[in-house]
Amino acid sequence: MMESKQLVQVGCYLMPFEGKIDFIEQYFFSSGSITTADGSALVKLGNTTVICGVKAELAAPAVDSANKGYIVPNVELPSLCAERFRSGPPGEEAQAASQFIADVIENSQMIVKEDLCIANGKLAWVLYCDIICLDYDGNLLDASVFALLAALKNVQLPLVTINEETGSSEVNLKQKNPLTIRKHPVATSFAIFDDTLLIVDPTAEEEDLATGTVTIVTDEEGRLCSVHKPGGSPLTGAKLQDCITRAITRHKEVKKLIDKVIKSITPK
Amino acid sequence: QPRGAGRTLREPCLWPRSICDTSVLAGLYGPAEAKISKELPDRAALEVLLRPKVGLPGVLERSREQLLRQTCEAVVLGVLHPRTAISLVLQVLSDAGSVSFPLWDGSGGWGTQSCPTAPSCWTPRSERKVLMSTTKGSCSVEEMQQCLAAAQRAATTIFQFYRDSVRRRYSKS
């Protein structure tokens, strides 16, 4: 039985809202709460709760990319998280969110798929990143990216060696190594009201009333991994730049919080 | 004449792209009677169906459908046709990258794309505001600004092209 490495962290972060009012974002973040998964994290952003579990499995790499592993992200919006979702096959929002997460992983290169390869053409890791929304109150993408990053940072993979005589793989569960995370993407969403007002961390009600949303994903070097604006009210270039600047500022706060939590749970 | 809907507002149009050989066929149906489950009391229900070149539509298509639907919703005056359905069917004919651009062009919009790290930005009409944006790969803030500027420049060219073609068409008759 694995010892529970759970830690709870509540973060508060002030965000200037339209230059006048200070907007407070509240985070609740716990890492390693699912002991049966290889890595997990629970993130609460406002009232939105998202849990991410990473399960690692061994598989043969694809023929056309023999030196690459797989990362399979999946976002689930079960009917328990909000009234608007029905049970059954994933709806458009869940599918779009899954694709967004896959794009973020690919664009930011947070995990290089070559790192997941154990033996070229023979064996590689498959990381199933299941992101389940437990409570939906808007801002799903921010919470999902946050939970994914935190869960991946929590992953401990056992050492796998290939026995040269028999050709079979041997898993050493006693020796575990963390994943190499190269970039730390953080998403920041804004809701647009009346083509001019921008609101950070929108709730579900605000998202419904808004005329559009923008999600900006930045990494620690201030590079943009994604500028996702699916239609809605048009924004001027200056407003978009404003969003980008705010996203970069927010990245620093979120990164600090993740580092603090990860540091406090790493066994010494 | 496509069947299954009351009438077509536009002929299905094909925009072959000589630069990257990506082409998409688009057909627009409606405003027609909507299914009761989909009907919206205050505006037209817009539906975008994207068919890939081979196989069945998957998560990628669904995400692009959402992108296009939300972009079209911002442009189409849906309030003029309440309780109706407008469906836009797009078939990818050949994909050599940046499918979303001809998709948008095919659907009768105004799109521009600049290529270095392939962010696509769509800017509408005279204001040159960003209507829709999607990126592939990472880029710096300066590169993003350059892409936006390129998108705005290209939008000007495309609007001029539309203006010219409409003028040519109606000056003949």
Side-chain angles (χ1 to χ4, degrees), chain A residues 72-75 86 89-104 106-110 182-183 185 192 195-196 210-245 247-248, chain B residues 37 46-50 57-76 100 104 107 109-111 117-153 155:
Chain A
V72 189
N74 186 35
V75 178
R86 304 273 172 101
E92 191 194 66
E93 192 172 350
Q95 291 191 35
S98 300
Q99 183 62 39
F100 179 78
I101 299 291
D103 286 345
V104 166
E106 189 65 39
N107 290 351
S108 64
Q109 292 286 303
M110 63 194 291
R182 304 198 177 206
K183 292 279 167 63
I192 314 164
D195 299 359
T196 46
T211 46
T213 54
V214 196
T215 304
I216 291 160
V217 186
T218 54
D219 65 12
E220 61 265 51
E221 290 159 18
R223 287 179 72 82
L224 301 166
C225 305
S226 177
V227 179
H228 185 71
K229 186 181 181 307
S233 303
L235 274 186
T236 56
K239 276 270 179 204
L240 196 66
Q241 180 57 44
D242 192 27
C243 292
I244 293 171
T245 319
I248 292 171
Chain B
S37 58
L46 198 75
E47 181 189 34
V48 178
L49 294 168
L50 172 59
V59 177
L60 180 68
E61 278 72 29
R62 199 48 65 84
S63 132
R64 278 184 175 154
E65 279 172 7
Q66 190 201 36
L67 212 69
L68 285 164
R69 184 173 49 76
Q70 291 181 353
T71 311
C72 293
E73 272 171 358
V75 186
V76 173
S100 41
W104 183 232
S107 57
W110 315 271
T117 46
S120 344
C121 311
W122 290 330
T123 54
R125 274 176 289 195
S126 54
E127 294 157 9
R128 307 278 180 273
K129 285 182 180 174
V130 183
L131 179 61
M132 185 273 194
S133 151
T134 177
T135 54
K136 182 99 185 133
S138 69
C139 63
S140 68
V141 180
E142 289 72 37
E143 283 164 346
M144 187 67 205
Q145 290 298 336
Q146 285 169 10
C147 292
L148 280 180
Q152 285 170 343
R153 272 200 308 277

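Just so we're on the same page: letters track the sequence lines, and every chain starts at 1.
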What is the minimum heavy-atom distance between [X] and [Y], and which atoms define it?
X       : Y       : answer
S133(B) : V227(A) : OG-O, 2.8 Å
I244(A) : V141(B) : CG2-CG2, 3.9 Å
V130(B) : L240(A) : CG2-CD2, 4.3 Å
L67(B)  : P230(A) : CD1-CB, 3.6 Å

Quick one: pull up [atom1] in [X] and [atom2] in [Y] and give me the separation to the nearest 0.5 Å.
X       : Y       : atom1 : atom2 : result
S63(B)  : I101(A) : OG    : CD1   : 11.5 Å
D103(A) : L60(B)  : CG    : CG    : 7.5 Å
L131(B) : K229(A) : CG    : NZ    : 5.5 Å
T211(A) : Q70(B)  : OG1   : CD    : 11.5 Å
T134(B) : F100(A) : OG1   : CZ    : 9.0 Å
R62(B)  : Q99(A)  : CZ    : CD    : 12.0 Å

Identify which of E221(A), E106(A), Q241(A) forms the greatest number of heavy-atom pairs closer than 4.5 Å to chain B.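 It is Q241(A).
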Open item on the list: Let's test your reading of the structure: which of S98(A), S226(A), G232(A) forms the most heavy-atom pairs below 4.5 Å with chain B?
Closed with: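 The residue among S98(A), S226(A), G232(A) with the greatest pair count is G232(A).
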* **Contacting moiety of Q66(B), where chain A heavy atoms sit under 4.5 Å** =>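 It is both, since atoms from each part get that close.
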Q: Under 4.5 Å heavy-atom distance to chain A, tell me which part of Q145(B) shows up: side chain, backbone, both or neither.
A: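 Contact with chain A: side chain only.
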